[in-house]
Amino acid sequence: MSEAIINKIKQLKEKHNAVILAHNYVAPELQDIADVLGDSLQLSIEASKLGAPVIVFCGVSFMAETAKILSPESKVLLPVRSAGCPMADMATAEAVAEFRRTHPEHVLVAYVNSTAAVKAEVDICCTSANAEKIVASIPADKKIMFLPDRNLGRNVAKTLNREMDFWPGYCPIHNAITVQDVEAIKNENPGMEFLVHPECTPEVVALADKAMSTGGMLKYIRESDKNGFIVGTECGIMHRLQIENPTKTIIPFKPTPTCVDMKKIGLADVLACLESLEDNAQSVATPFEVVLDEELMDKARKPIERMLAFK
Ligand code: 13P
Ligand code: SF4
């Protein structure tokens with residue numbers, strides 16, 4: 001059954017010159033058919049370079065919006081439109097604009113896990129892979145508001161020994177990783193390295209050997225000569241980790257961190273969104289298409305491009 005779906009996806013992909021971008025957290029069967037699999041930064045860079053007529057984005061809405069902003073000529077399709085990020089929704093554009101109005105002296109740094117409308121209100125974006133570099137580039141005498149992830153913000157502030165203000169947002173999945181559960185899994189697996197995503201609380205990050213983006217974890221484990229790892233992030237990353245490191249012992253965190261939004265898309269949804277291209281006139285947006293106002297995209301592109309200028 002899934003083989004038939006995969007074959008149809010391949011046919012339609014070729015017919016429409018479509019590329020499939022997928023985040024490291026999505027279901028294994030989507031990771032397997034993706035043309036590009038990566039973390040938020042890697043996917044943003046690819047989206048800016050691709051120039052493909054159709055991009056099918058397997059991930060959540062802020063990622064598909066970023067792809068659209070960076071590749072405005074492409075049709076960007078998100079196979080399940082309700083796949084969102086609860087943390088991104090914790091900062092509304094209205095509230096961010098109000099902060100800007102009442103705190104004109106602050107530099108606003110937005111984690112890419114934010115809506116396009118929020119990005120249009122800020123000075124610069126960052127991902128978990130480059131947050132330290134971006135914040136470090138801001139002159140020391142400037143005040144900073146880091147949004148929407150208070151955990152990533154606090155972790156960066158601690159590493160850089162820099163005072164900042166934090167928006168009260170958080171990722172419900174990473175924020176739910178507790179110190180008690182970390183102590184339990186470390187005690188059960190002595191000698192294993194413990195890696196976490198910097199969306200975890202500073203208390204949890206303090207117990208980790210390393211805090212990294214999903215792309216950072218994949219690279220680190222691939223290149224490490226160590227053999228045992230506990231992975232403190234969303235469970236979708238386990239699929240690629242196991243394929244790339246067949247001889248290493250890699251275990252997911254317990255209780256298993258699972259982002260329901262990242263799991264909303266299945267193969268059948270990808271097929272349906274490619275099929276929608278068949279019966280839609282070129283000029284008509286399919287129900288899967290990410291459509292953003294041109295002016296908003298122009299505003300939101302600036303802070304993303306400022307981020308991408310950092311290599
Ligand atoms: P990465 O950029 O590390 O892939 O993280 C994205 C994300 O949503 C983490 O929850
Ligand atoms: Fe958002 Fe957290 Fe899901 Fe990432 S894991 S998409 S930050 S809710």
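As a basis for the values below, the full set of heavy atoms in this structure was taken, side chains included, without hydrogen atoms, waters or symmetry mates. Both counts, for ligands and for their atoms, begin at 1 and track the order of listing.
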### Query
Are H174 and ligand 1 in contact, using a heavy-atom cut-off of under 4.0 Å?
yes
### Task
Can you label the angle between the W167 ring and the F99 ring as parallel, tilted or perpendicular, going by 30° and 60°?
perpendicular
### Query
Does at least one non-hydrogen atom of N24 fall below 4.0 angstrom from an atom of ligand 1?
no
### Message
Is there a polar contact between ligand 1 and N113, counting only N or O atoms under 3.5 Å apart?
### Response
yes
### Query
Quick one: side-chain hydrogen bond (donor to acceptor under 3.5 Å, both in side chains) partners of K254, sequence neighbours excluded?
E188
### Message
To the nearest 0.5 Å, what is the distance between CD1 on I138 and CG on L108?
### Response
9.5 Å
### Shortest protein heavy-atom distance from atom 10 (O) of ligand 1, along with the residue and atom involved
E199 OE1, 2.9 Å
### Query
S128 near ligand 1, heavy-atom distance under 4.0 Å?
yes
### Task
Hey, could you give me the CD1/CG distance between I251 and L241, rounded to the nearest 0.5 Å?
12.5 Å
### Query
Salt bridge check: are R81 and E289 linked by an N-O gap of less than 4.0 Å?
no
### Message
Less than 4.0 angstrom from a charged side-chain N to a carboxylate O is my criterion; do K219 and E223 meet it?
### Response
yes
### Query
Counting each atom of ligand 1 from 1 as listed, which ones have a heavy atom of S40 under 4.0 Å away?
1 (P), 2 (O), 4 (O), 5 (O), 6 (C)
### Message
One thing to verify: whether K15 and E278 come together as a salt bridge, which I'm taking to mean a side-chain N less than 4.0 angstrom from a carboxylate O.
### Response
yes
### Message
Assess the residue pair T233 and H174 against the criterion (side chain to side chain donor-acceptor pair (under 3.5 Å)); give the C-alpha distance rounded to whole Å, side-chain angles, the decisive distance to 0.1 Å, and a yes or no.
### Response
CA-CA 7 Å; T233 192; H174 289 91; 2.7 Å; yes
### Query
Near atom 3 (Fe) of ligand 2, which protein N/O/S atoms are found at less than 2.8 Å?
C259 SG
### Query
Which ligand 1 atoms does D39 reach within 4.0 Å, using its non-hydrogen atoms?
1 (P), 2 (O), 4 (O)
### Message
Just to check, does H23 reach to within less than 4.0 Å of ligand 1 when the distance is taken from its heavy atoms?
### Response
yes
### Query
Any idea which atoms of ligand 2 are less than 4.0 Å away from a heavy-atom of N113?
7 (S)
### Message
Closer than 3.5 angstrom, by distance alone: can the side chain of K119 be matched with the main-chain N or O of S114 as a donor-acceptor pair?
### Response
yes
### Query
Does any N or O atom in H197 lie less than 3.5 angstrom from one in ligand 1, N or O only?
yes
### Minimum heavy-atom distance between A211 and P198, given as atom pair plus value
C-CD, 4.4 Å
